[in-house]
Participant: 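Got a structure for you, questions after.
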2 protein chains.
Amino acid sequence: MTSDSPHAPGKQNTLYVGALAKGLRLLHAFDESHTRLSLSELSERTGLDKSATQRFANTLHLEGMLDKDPRTRRYSPSHAWLQMAYAYYWSDTLVARAMPRLIELSQQIGETVNLAELSEDHIIYVSRLPCKRTHFAASIAGRRLPALSTSAGRVMLSTFPEAERQEALQNWPLHPYTPRTTLDRGKIADMVAQAVEQGYVISHHEMILNETSIAAPVRSPGQTAFAAVQCSVSSYSWPEERIREEILPYLQDTANSISPAPDSPEPRG
Amino acid sequence: MTSDSPHAPGKQNTLYVGALAKGLRLLHAFDESHTRLSLSELSERTGLDKSATQRFANTLHLEGMLDKDPRTRRYSPSHAWLQMAYAYYWSDTLVARAMPRLIELSQQIGETVNLAELSEDHIIYVSRLPCKRTHFAASIAGRRLPALSTSAGRVMLSTFPEAERQEALQNWPLHPYTPRTTLDRGKIADMVAQAVEQGYVISHHEMILNETSIAAPVRSPGQTAFAAVQCSVSSYSWPEERIREEILPYLQDTANSISPAPDSPEPRG
DNA sequence: AGCGTAAGTATCACGATATAATACTTAGTG
DNA sequence: CACTAAGTATTATATCGTGATACTTACGCT
């Protein structure tokens, strides 16, 4: 996996600052289930020795990237992490264009509406407008999920050229979030194939049980999609029939109305 | 300004990694109006020389923190910046408690609802639920504004002990966002004093013209507030009378229902 | 309580690694 | 098409990050 291109990390590459990379490792040590880390925990999670962890944590604290509880001596993400999201949003022109349409859509259908973007072989929820009570993870932006396990990822894939689509269907990761998450790549391929015809995906129980997810791709004609408008509803109140009547038309209209900017440099990465 | 305490930045402090701090400066170079920076622009904005900028930008790119457009060679924030926000949200227990109540509130009043937290002498919008079309800045979380210029900051201040309140009123920063932004600290003091009695603040034209902002503090009895529930509406359709009748009761109920967790370590920083 | 251990903090001599000057390459302009 | 500015690559040097060690504080156990 490690390339030896002129800019590859590690070793004697003079354009790579190891100290910075190590510092970033501390930041990545925080996630859903690791929200307040002690020095030792940080050390353990980053693989850095005690001294290094101490130096980096201290630096990040002084620079305002980590809060430190003086009582427990534990570190946690600071408000600066939110400010970074704010800066990100300004750099993502798609979000600015989509936002008013998403708000309109969420008013029309009265259900939670999301904007997802492709991020390697995952999707990331870039904007979320919760309308109903949902689980916490579904109400905050920035969540990254395996593309193949989500309706948004699947519709986007349906806009890919055949070869890339096959490649993705075979190699992109899957994760069993629920007992009913589809792990059969053949079945996923079928859904994607269907989406090529239909222009949308409806999937059930993939992320949590009794949740139905509907997605339509954001694309310029003839271009491959790198974003999708998605909507999550309760399987109890929303049989597919009702979804097709009361959600799909609005969802697809919204997705279609958010075409990429003319000079778009958007496909990120 | 520079302290010489054992952990102060710079100089010969062995617990401070300058290279990491410099790398962070690149990240902070991106904001509302600087979304895609070239190497030279980065160099200019960070004050680092060309070589240093090159090394750090390259490292951040390799580590996935900066995207690079191969066409324009410009760097921009990557999806990782959103993931950091996601991690932040899990660390902020207040958000998890507030979210369902905020959703409920936004349904009740049909207007944009925000959760703001105190961040030094600023407030930061931690969660935003836009209901109507608004300007882009008002629809995304992570925006940081001078506390004294916002209704949220003013209500929070109204819960402070007298001495701290005076200190803040004199020293916290102000910025003239509109021609009608209040810059007279005496007038702000009056509003805060009024809020002590009333438990809420209504302010007009502070951030943008014809916008009215209403806020109520989130606090445990006898504690000082470090968060507030806030709501922005059009001055045209919402005279104060109507606000007091149709928004305030719900807003205050919501704020009151979000009291800090018992063992809360929350005041950040 | 008071010991014992683990976690956090501070110090320092060493040399690996970040540095910045320089040269090379590419892209955009008149 | 030449000129200039911007981006990229290379290298010798000493700065600055390193990690071992010692000190201090917090916490659990009998």
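Only a predicted model underlies this, so the values are computations on that prediction, with no experimental measurement involved. Atoms considered below: every heavy atom in the structure, side chains included; atoms not considered: hydrogens, waters and symmetry mates. Naming: A, B, ... by sequence-line order, numbering from 1 per chain.
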Participant: For A/L42 versus A/A29, what's the shortest heavy-atom pair and its separation?
Facilitator: CD2-CB, 3.9 Å
Participant: Expressed as a whole number of angstroms, how long is the span from B/N58:CG to D/dA9:P?
Facilitator: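 Whole-Å distance recorded here is 8 Å.
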Participant: Assess the side chains of A/T72 and A/R36: does a donor N or O sit below 3.5 Å from an acceptor N or O?
Facilitator: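 No donor-acceptor contact under 3.5 Å links the two side chains.
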Participant: Provide, to the nearest angstrom, the distance between the CG atom belonging to A/L37 and the C1' atom belonging to C/dG8.
Facilitator: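 A/L37 atom CG is separated from C/dG8 atom C1' by 15 Å.
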Participant: Has the side chain of B/R25 got a donor or acceptor atom that lies under 3.5 Å from a matching backbone atom of B/T46?
Facilitator: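 Such a contact is found between B/R25 side chain and B/T46 backbone.
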Participant: Nearest-Å distance, CG (A/L62) to C1' (C/dA10)?
Facilitator: 15 Å
Participant: Quick one: B/L42 CG to D/dA6 P, roughly how many Å, whole number?
Facilitator: 13 Å
Participant: Can you tell me if B/S40 touches the phosphate of D/dG7, counting only side-chain N or O atoms and a distance under 4.0 Å to OP1 or OP2?
Facilitator: yes
Participant: Just by distance, no angles: are the side chains of B/Y75 and B/E41 close enough, under 3.5 Å, to form a donor-acceptor pair?
Facilitator: no
Participant: Taking all non-hydrogen atoms of both residues, which atom of A/T35 and which atom of A/S76 are closest, and how far apart?
Facilitator: O-CB, 3.4 Å
Participant: Measure from CG on A/L48 to P on D/dA20 and round the result to the nearest Å.
Facilitator: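 Atom-to-atom, A/L48 to D/dA20, this comes out as 13 Å.
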Participant: Can you give one letter per nucleotide of nucleotides 18-29 of chain C, 5' to 3': B if a protein heavy atom sits under 4.0 Å from the base, S if only from the sugar-phosphate, - if neither?
Facilitator: SBBB----SS--
Participant: Which value, rounded to the nearest 0.5 Å, describes the distance between A/Y86 atom OH and B/I124 atom CD1?
Facilitator: 10.0 Å
